[in-house]
Number of protein chains: 2
Amino acid sequence: MLAVMNTMVSGTTLAEVAAAIGDTARANILAALMDGRALTAGELAWHAGVSAPTTSGHLARLRQAGLVAEERQGRHRYHRLAGPEVAHALEALMAVAASGPPRHRPTGPRDEALRAARTCYDHLAGRLGVGLADALQARGHVVIADGAGSLTEAGGRFLSGALGIDLAAARSGRPLCRTCLDWSERRPHLAGRLGAALCARCFELGWIEPVRDSRAVAVTEAGRRGFAEAFGLAF
Amino acid sequence: MLAVMNTMVSGTTLAEVAAAIGDTARANILAALMDGRALTAGELAWHAGVSAPTTSGHLARLRQAGLVAEERQGRHRYHRLAGPEVAHALEALMAVAASGPPRHRPTGPRDEALRAARTCYDHLAGRLGVGLADALQARGHVVIADGAGSLTEAGGRFLSGALGIDLAAARSGRPLCRTCLDWSERRPHLAGRLGAALCARCFELGWIEPVRDSRAVAVTEAGRRGFAEAFGLAF
DNA sequence: GCGACGCTTCGGCCGCGGCCGAAGCGTTCC
DNA sequence: GGAACGCTTCGGCCGCGGCCGAAGCGTCGC
């Protein structure tokens, strides 16, 4: 009972960070930012379901915890996740949340849209994300082993050739191809710079489009054809 | 402000899990369990710095959140982390906590011991853990790429030959070689089944020993020789 | 069977913090 | 300059939940 100062090295701040996430309104704010975009306080207030003053307080706290960063631009202030580690931690927590007690959560249509295809910080998740990872792996374009992925030579040629993804730009900095446990599918999808590039390219090609006020993405008609041709996916 | 039901799909439970972690006493309990062992409520009360009744309540809450599992054995009840995902989420949160505001945290001797060498759930972390990962990588025994590791053939021979690590037993189930961001070194160390096997073998060989009431491990005289010979590490 | 022991449940206290409306501050637009 | 706008700060209310001591319950040892 007199330990207190013992494991506190990480303890206190671990608790601080977790407590910052551990409130419904703030968790909703963070979830809204998980698509990697920067939103204004007003938009976040809407997502969180609380008033502007309350949101302001929450944002201050999230900032102090190092979870979100603020960017001032004229009379607007944009808020975004502080970095990829934050998105990673949130994703890990969601995986724990989803793996927890198998209590029946009502599965609404919105939920279904999210499970089908959504963005996860800067890459694709849901059945689409997992499907892409599976397809790339099945064709030997990516080797998913030991919990992470590596792009093969054939994979590099395929992505730059057939899809026009510039991998030279993605070579440095963040890991090229991390995997990320999908909380809805409970299987890995592709994250890292490859995942981000792939996602961005799908938007560019008009294969997917954002769904208003949601992290879900809609697969367009062009996307249905594209995913079928390039990856053999039926969407 | 009327969104509420919107991104709540993951929101509510994300908040629940985070809130369960976000209390000093509970964070201390979880940190104490991070070495993968199962502890009794009494021991955890000591670690948390609160009374037995309070600890009991905390454990109930952690269990309900799916973070901790209970094992009854006679008049004792052992508590352990519910699974590797939980350890992973905690590690990710610690990384965020460590990366946050670079405020000066007092760095005591205990802290120094933890930074030198400690267990992280079931594998090694700190300078020792990162050093082992670096050495294995430098010699081509492990390829750390894209945020995860793969064991090479030479690496397999080295580990089974020179160290006597039975990798056949580690072939199935959890990923063989994940990497895990070290919160003190801010660089990856080896986790997954390889990390666990390596850690266990170091204990078996008497190279490291547990430090009482801490996740830190001490490198023995034999360990100093062993790590130098096998990995070229000075400890 | 009886006490010792480990832990949980109960009851009550108290403070932290989430919530809002009103007011204040800074930016932009005209 | 003045009004509109977006956001933050302030003040006050209220309830959740962390804390403990005391009592209860199950297990073990003699």
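Treat the numbers as computed from the prediction; the structure is a model and nothing was measured. Every chain is numbered from 1, with letters handed out A, B, ... down the list of sequences.
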Nearest to the [X] side chain among [options], which nucleotide is it?
{"X": "A/V50", "options": "C/dT8, C/dC20, D/dG18", "answer": "C/dC20"}
{"X": "A/S56", "options": "D/dC19, D/dT8, C/dT8", "answer": "D/dT8"}
{"X": "A/P53", "options": "D/dT8, D/dC19, C/dT8", "answer": "D/dT8"}

What's the shortest heavy-atom distance between [X] and [Y], and which atoms?
{"X": "B/A92", "Y": "A/A92", "value": "CB-CB, 4.4 Å"}
{"X": "A/C120", "Y": "A/E91", "value": "SG-OE1, 3.3 Å"}
{"X": "A/W207", "Y": "A/G226", "value": "CZ2-CA, 3.5 Å"}
{"X": "B/F235", "Y": "B/R224", "value": "O-CG, 2.6 Å"}

So, B/E112 and B/R115, do they make that salt bridge, N to O below 4.0 Å? no
One thing to verify: whether A/E16 and A/R61 come together as a salt bridge, which I'm taking to mean a side-chain N less than 4.0 angstrom from a carboxylate O. no
Rounded to 10 degrees, the angle between the two terminal axes of the helix from C/dG1-D/dC30 to C/dC30-D/dG1, each from five pairs: 30°
I need the [atom1]-[atom2] distance between [X] and [N], as an integer number of Å.
{"X": "B/H58", "N": "C/dT8", "atom1": "NE2", "atom2": "C1'", "value": "14 Å"}
{"X": "B/L59", "N": "D/dG18", "atom1": "CG", "atom2": "P", "value": "13 Å"}
{"X": "B/L62", "N": "C/dT8", "atom1": "CG", "atom2": "P", "value": "12 Å"}
{"X": "B/I21", "N": "D/dG18", "atom1": "CD1", "atom2": "P", "value": "14 Å"}
{"X": "B/N28", "N": "D/dG18", "atom1": "CG", "atom2": "P", "value": "14 Å"}
{"X": "B/R77", "N": "D/dG26", "atom1": "CZ", "atom2": "C1'", "value": "8 Å"}
{"X": "B/W46", "N": "C/dG6", "atom1": "CH2", "atom2": "P", "value": "17 Å"}
{"X": "B/L39", "N": "C/dG6", "atom1": "CG", "atom2": "P", "value": "15 Å"}

Using a 4.0 Å heavy-atom cut-off across all strands, classify B/T40 as base, sugar-phosphate, or nothing. sugar-phosphate
Would one find a side-chain N or O of B/T54 under 4.0 angstrom from OP1 or OP2 of D/dC20? yes
Ignoring backbone atoms, establish whether B/S51 has a side-chain N or O less than 4.0 Å from OP1 or OP2 of D/dC20. yes
Kindly give the atom pairs (protein nitrogen or oxygen, nucleotide nitrogen or oxygen) under 3.5 Å for nucleotides 11-17 of chain C.
none

Using atom types as modelled and distance alone, determine if a side-chain donor or acceptor of [X] lies under 3.5 Å from a backbone N or O of [Y].
{"X": "A/R26", "Y": "A/H58", "result": "no"}
{"X": "A/R63", "Y": "A/E70", "result": "no"}
{"X": "B/T13", "Y": "A/A97", "result": "no"}

